[in-house]
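Because the structure is a prediction, the values reported are computed rather than measured. Each chain gets a letter, A, B and so on, in the order the sequences are listed, and its residues count up from 1.
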Amino acid sequence: MINEFKGKVWKYGDDINTDVIFPGKYTYQKMEPEEMAKYALEDLDPEFVNKVSDGDILVAGKNFGMGSSREQAAIAIKYAGIRVIIAKSFSRIYFRNAINAGMPAIKSPEAVEAIENGEEIVVDMKNGKIITSKGEFVFPPYPKTVMEILENNGLINFIKNKIKNS
Amino acid sequence: MGKTFAEKLFSNKSGRDVFAGAIVSVEPDYVMSHDNAAAISGTFKKIGVKQIKYPERVVIILDHEIPAPKESSASNHKEIRTFVNEQGIDNFYDVNNGICHQVFTEQGFALPGKLIVGSDSHTTTYGAMGAFSAGIGRSEVAAIWATGELWFSVPETIKIIINGQMSKFISPKDIALYIIGQIGADGGDYKAIEFTGEVVDNMSVADRMVLTNMAAEMGAKNGYVLPDQKTLDYLKGRAKVDFTPIYSDEDANYYKTLTFDISNISASVAKPHTVDNYVPITEVEGIKLDQALIGTCTNGRLEDLRDAAKVLDGKKVKIRTLVIPASWNVYKDAMKEGLLEIFIDAGAIILNPGCGPCLGAHQGVMAPGERTFSTANRNFKGRMGCRDAEIYLGSPASVAASAITGKITNPEGK
C-alpha cells in the first residue's frame with residue numbers, strides 16, 4: 001500500500017511541456033530508465049538532475065506535461081528521484097503516463113499556491129491530504145482502477161500480476 | 001438524456017450506458033505506433049505474454065527518423081521489422097510510406113465510429129473522419145498488445161462552432177491557431193472536442209484533418225468532425241473494414257459551447273515557445289528568419305502544398321526552405337501537378353515524407369540564435385533540436401510568402 005510521501009519540493013511554473021522535460025532528440029534513443037533520468041528537465045533547468053535527491057517532490061503550475069505523448073517525460077522524472085508530482089493541472093496524456101509509470105500525479109491548485117520552493121511537505125495518499133508549512137490541502141481519492149495501477153508500481157506490473165493471478 | 005459522440009462511443013464499446021466521468025475498460029479497434037514500437041516491444045516482452053492478442057488491430061508505421069540517420073535508429077527499425085515478422089503483424093508500413101497520421105488515414109484505418117489509440121499525441125487527427133482517436137503512452141500500447149483493452153475515462157465535450165466566410169488568404173491552420181490563442185493550450189484539457197459549424201461543413205477532409213491534428217495543441221483527448229458525404233466519398237474503396245458512423249444527440253449535455261466567427265481574422269502566427277502565443281501575422285511582420293518548413297502531419301497534404309506553391313510559383317526563396325509532403329502518395333500527386341517543380345525552381349529542398357525536422361531528431365536542425373517559420377504543430381523550446389533557437393508557427397501560404405522575403409510576411413496581397 002502507498003501511504004505517505006515526505007520530501008523536499010522543487011517548484012516550477014505553468015505550461016511545462018514535454019520537450020523541456022525530456023527533449024525530442026533523445027526520444028528515439030533506446031534507454032533504460034536510469035539513463036533517461038540524466039536528461040530530466042534538461043531544457044528547463046539543466047541543474048535539476050544534480051540537485052534532486054531520492055524522495056523529492058515536484059510541484060508545478062497549470063498544464064504540466066503538455067505536448068508529446070512521450071512516456072520518458074514521466075519515467076525520467078521518476079527515476080531522477082521524484083516520488084510524486086503536484087500541479088495546478090496536468091495535461092491528459094502526461095497524467096496517464098505518470099500513473100502508468102507508478103508515480104502519483106495530484107491536482108491541487110490551492111496547495112501549489114501555498115507551497116514554497118525548497119520546503120519539506122507530506123503527501124498523505126490514504127487520506128488525500130497535502131501537509132505544507134501553510135496548512136493542509138485535501139484532494140479527492142483516485143478511482144479504484146488508478147489506485148490499483150499505482151499500488152502495482154505501474155501499468156505493466158499491474159497487467160503482469162493480473163495475468164499471473166488469472 | 002441524450003449523449004455526446006464520446007458518450008455514445010464508449011457506451012457502445014462497453015455495453016453499458018455511460019456518461020462523462022465514468023471509467024471504462026474497453027477494446028480499441030486499432031492501436032497505432034511508429035518508431036517507438038521498438039521500445040514498446042521491449043515493454044511488451046516484459047509483460048510475459050508471447051503473442052499479441054489481436055495482431056490485426058495493430059498498425060505500425062515508421063516515420064520519425066527515416067531513413068535512419070544513425071546506427072541507433074537503424075537498430076530500432078531492425079528490431080521492429082523482426083518483431084513484426086515474429087508477431088505476424090500485417091499492417092506494417094516501412095520507411096517508404098510517410099508520416100503515420102497521413103498513412104493511417106490514406107490506408108483506410110481512420111473510420112467513422114471506431115475507437116483508435118496511438119502512441120503519438122497527434123493521433124487526434126483521425127477524428128476528422130468521425131473516429132474517436134486519442135494519444136496514449138508507450139506502456140499503454142504494450143498493455144493493449146497483451147490484453148486487447150485499456151482503461152479510459154469518458155470525457156466531457158466542448159462543442160466548437162466555427163461560422164463565417166473564410167477569406168481566400170485564410171487556411172484551417174490560421175483558424176486553429178486563432179482558436180488556440182483564444183482558449184489556451186489547456187483550453188481543451190481532458191475534453192473531447194466536436195468541431196462543427198458552416199466553415200467546418202464546407203471544409204475538405206484534408207482541411208478538417210488540420211483542425212483535429214491541432215486539437216492536441218488545445219490539450220484535448222480527441223477532436224471530432226461529424227462524418228458527411230465528403231467523408232464517405234474519401235473512404236470509398238479505401239476503408240479497411242465496415243463502419244457505422246456515430247453522431248451526437250441533439251439533446252446531449254456539453255461541458256461548454258464556443259462559437260467563433262472567422263470572417264475577419266487575418267493569417268495567424270504562434271510565437272515562441274507555446275502554441276497559444278497567438279498574434280495576427282500583421283503584428284510580427286518583418287521578423288527575420290533563417291529557415292522555413294512547409295509540410296509535416298499538420299500541413300503536408302496536397303491542399304497545403306498547393307497553397308504554398310501558389311505563392312512560390314516563379315519566385316525564389318531567400319532562406320533555407322524545407323518542404324515535406326506528408327506521404328509518398330501526396331509526393332506523387334504533387335509531382336503530377338507540377339508542384340514539386342515549382343518548389344525546386346524556387347530553391348526549396350524537398351525532403352522525403354516523414355517527421356523530419358519537426359521534432360529535432362534530424363534534417364534541418366537549427367543552430368543557436370536561429371529562427372524557423374514552420375507549418376508544424378509545435379514551437380516548444382528545443383523542439384527542433386536546439387534550445388537556443390526560435391520557432392514561429394503559421395499556415396503554408398504564410399510560410400511560403402515569408403520564405404521569399406526572408407522575414408515574416410503576410411501572404412495577403414502577395
field: A:I163/B:V49 under side chain to side chain contact (heavy atoms under 4.5 Å, CB included): CA gap, chis, key distance, verdict
entry: CA-CA 9 Å; A:I163 290 170; B:V49 178; 3.5 Å; yes
query: For chain B, which of A:T27, A:T145, A:N161, A:N63 has the most heavy-atom pairs under 4.5 Å?
result: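 The answer is A:N63.
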Which answer fits [X], side chain, backbone, both or neither, if we ask what part of it has an atom under 4.5 Å from a heavy atom of chain A?
X: B:I23; result: side chain
X: B:D189; result: side chain
X: B:H122; result: neither
X: B:E79; result: side chain
X: B:L150; result: side chain
X: B:R383; result: both
X: B:D35; result: both
X: B:A143; result: both
X: B:E71; result: neither

Does [atom1] belonging to [X] count more than 12 external heavy atoms closer than 6.0 Å?
X: B:K70; atom1: NZ; answer: yes
X: B:Y255; atom1: OH; answer: no
X: A:K11; atom1: NZ; answer: yes
X: B:K13; atom1: NZ; answer: yes
X: B:K45; atom1: NZ; answer: yes

- prompt: Quick one: does B:R378's side chain have a donor or acceptor within less than 3.5 Å of a partner on A:G67's backbone?
  reply: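 Answer holds: yes.
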query: Is A:R92 reaching over with its side chain to a backbone N or O of B:G135, donor-acceptor style, under 3.5 angstrom?
result: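 Such a contact is found between A:R92 side chain and B:G135 backbone.
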query: Considering all heavy atoms of both residues, which atom of B:G137 and which atom of A:E71 are nearest to each other, and what is their separation?
result: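 So the minimum-distance heavy-atom pair works out to C-OE2, 3.2 Å.
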message: Looking at every heavy atom in both B:S153 and A:R96, which two are closest together, and how far apart are they?
response: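 Minimum heavy-atom contact is N-NH1, 4.5 Å.
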Proximal component of [X], with respect to chain B [non-hydrogen, under 4.5 Å]:
X: A:K164; result: neither
X: A:S68; result: both
X: A:I149; result: side chain
X: A:P23; result: neither
X: A:K62; result: side chain

Can you tell me how far the [atom1] atom of [X] sits from the [atom2] atom of [Y], to the nearest 0.5 Å?
X: A:N17; Y: B:T274; atom1: CG; atom2: OG1; answer: 9.0 Å
X: A:F90; Y: B:Y190; atom1: CZ; atom2: OH; answer: 7.5 Å
X: A:I75; Y: B:S139; atom1: CD1; atom2: OG; answer: 5.5 Å
X: A:I16; Y: B:F380; atom1: CD1; atom2: CZ; answer: 11.5 Å
X: B:D186; Y: A:D14; atom1: CG; atom2: CG; answer: 8.5 Å
X: A:Q72; Y: B:R138; atom1: CD; atom2: CZ; answer: 3.5 Å

- prompt: Counting heavy-atom pairs under 4.5 Å to chain A, which of B:K191, B:H64, B:H273 comes out on top?
  reply: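 Highest number of heavy-atom pairs under 4.5 Å: B:H64.
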message: Counting C-beta onward and ignoring hydrogens, is there a side-chain heavy-atom pair between B:R387 and A:P46 closer than 4.5 Å?
response: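 Contact flag for B:R387/A:P46 side chains = yes.
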message: Just so I know, are the side chains of B:I136 and A:S69 near enough to count as touching, which here means a heavy-atom distance under 4.5 Å?
response: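 Counting from C-beta outward, B:I136 and A:S69 never come under 4.5 Å.
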- request: Output yes when A:D43 and B:K381 qualify as a salt bridge under the 4.0 Å nitrogen-oxygen rule, no when they do not.
  value: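 So A:D43 does not pair with B:K381 through a salt bridge.
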message: Checking B:F44 against A:I156 for the side chain to side chain contact (heavy atoms under 4.5 Å, CB included) test, could you report, in this order, the C-alpha distance in whole Å, the side-chain angles of both residues, the deciding distance, and whether it holds?
response: CA-CA 8 Å; B:F44 172 78; A:I156 295 304; over 6 Å; no
